[in-house]
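Notes to accompany the following structure.
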Amino acid sequence: MGVVPDAQAWLNPATLTQATAIQRAIAARVEMVDRFPAAPSLAGADTSMRWRDSRGPIHAAIAPLAGAAATATIVPPFPYVPGYLGFREAPALLAAWARLAEKPDLLIVDGQGRAHPRRCGIASHIGVLLDWPTIGVAKSLLCGQVEGVLGEAAGATAPLVDRGELIGLALRSRARAKPIFVSIGHRVSLESALALIRSVGEGRRQPLPIRRAHDAANAARRAWEAAGATSA
DNA sequence: GCGACAG
DNA sequence: ATCTTGTCGC
């Protein structure tokens, strides 16, 4: 995998206390400056699972803007716990990444990046483990508050602040829609993250790469269920 | 102690 | 995260 020596250990904490320590270590490695080619190629990352089935398999997809998506199915190590989503979903997403022939220059992940209590959302997990540029785009807030008033017009932004620190941006990606929350995953500045997300908005609430990944993950899950499989 | 809580 | 149907609006 990436340049992290104990990447495998960082994916499998034995306890929540250990998971917390790993997140602090990952957060310390996050680079908040641009380190990717100009006009980067983009891909989206998302997962799909059965309704309220916290133990069943997770289907992950990485969807490039151009070309076919890669998918993978993994049984998650533990159920969803707010603040620890990275440990639940990153293994499946990394498996899908490994199957992707042409790696994109930058990955847009469905979930938070730095906009996390320990500055280590799933986009940072994946970015640091792969040492690859990532952006987090979430549909709702995990922590922090939107500063001031978010404009009504499409494209309006407002700072997202937590404990006095700027951790991301609220973005009105579409008029009359609830905002999305953009934050640094790894190797990108918040300014560039915003510009890139805006560039693939396509007039929808969620950026196109995430929509494509969402569709691909759902298709993988349907195929899995249609095949009657029970385990990964 | 109470409430809040990505996917 | 996901299920389901209808309804409203451009």
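All chains are named by letter (A, B, ...) in the order of the sequence lines, taking the proteins before the strands, and each is independently numbered beginning at 1.
Note: CG (Asp110(A)) to C1' (dA1(C)) measures 9 Å, nearest angstrom. Straight-line distance from the CZ atom of Arg88(A) to the C1' atom of dA6(B): 12 Å, rounded to whole Å. Atom-to-atom, CG of Leu16(A) to P of dC5(B) comes out at 19 Å; the value is rounded to the nearest Å. Note: CE (Met49(A)) to P (dA1(C)) measures 8 Å, nearest angstrom. Regarding Arg222(A), its CZ atom lies at a distance of 8 Å from the P atom of dC3(C), rounded to whole Å. Regarding Ile184(A), its CD1 atom lies at a distance of 21 Å from the P atom of dA6(B), rounded to whole Å. If you measure from atom OH of Tyr84(A) to atom C1' of dA4(B), you get 15 Å, rounded to the nearest angstrom. One atom, CG of Asn218(A), and another, C1' of dT4(C), lie 15 Å apart when rounded to the nearest Å.
Residue Gly136(A) is classed as having no contact, given no heavy-atom separation below 4.0 Å to the nucleic acid. The residue Ser48(A) sits close only to the backbone: its heavy atoms come under 4.0 Å of sugar-phosphate atoms, none of a base. Within the nucleic acid shown, His214(A) comes within 4.0 Å of sugar-phosphate atoms alone, with no base atom in reach, counting heavy atoms only. At the heavy-atom level, Arg176(A) lies nowhere under 4.0 Å from the strands shown. Within 4.0 Å of Ile58(A), counting heavy atoms only, lies no atom of the nucleic acid at all.
The phosphate of dG7(B) (OP1 or OP2) has a side-chain N or O of Ser140(A) nearer than 4.0 angstrom. Residue Arg114(A) places no side-chain N or O under 4.0 Å from the OP1 or OP2 atom of dA6(B). For the OP1/OP2 pair of dA6(B) and a distance below 4.0 Å, the side-chain nitrogens and oxygens of Lys139(A) include no atom meeting the criterion.
Inter-residue side-chain proximity for Arg205(A) and Lys139(A) is flagged as met; some heavy-atom pair is nearer than 4.5 Å. With a 4.5 Å cut-off on side-chain heavy atoms, His125(A) and Glu89(A) do not count as touching.
For dG7(B), the base is stacked against the aromatic ring of Tyr80(A), per a cut-off of 5.5 Å between centres and 30° between planes.
The OG1 atom of Thr20(A) lies 10.0 Å from the CD atom of Gln18(A); values are rounded to the nearest 0.5 Å.
Checked against the 6.0 Å centroid threshold, Trp132(A) and His186(A) do not count as a close aromatic pair.
Put simply, the side chain of Arg211(A) gets close to the backbone of Gln206(A): a donor and an acceptor are under 3.5 Å apart.
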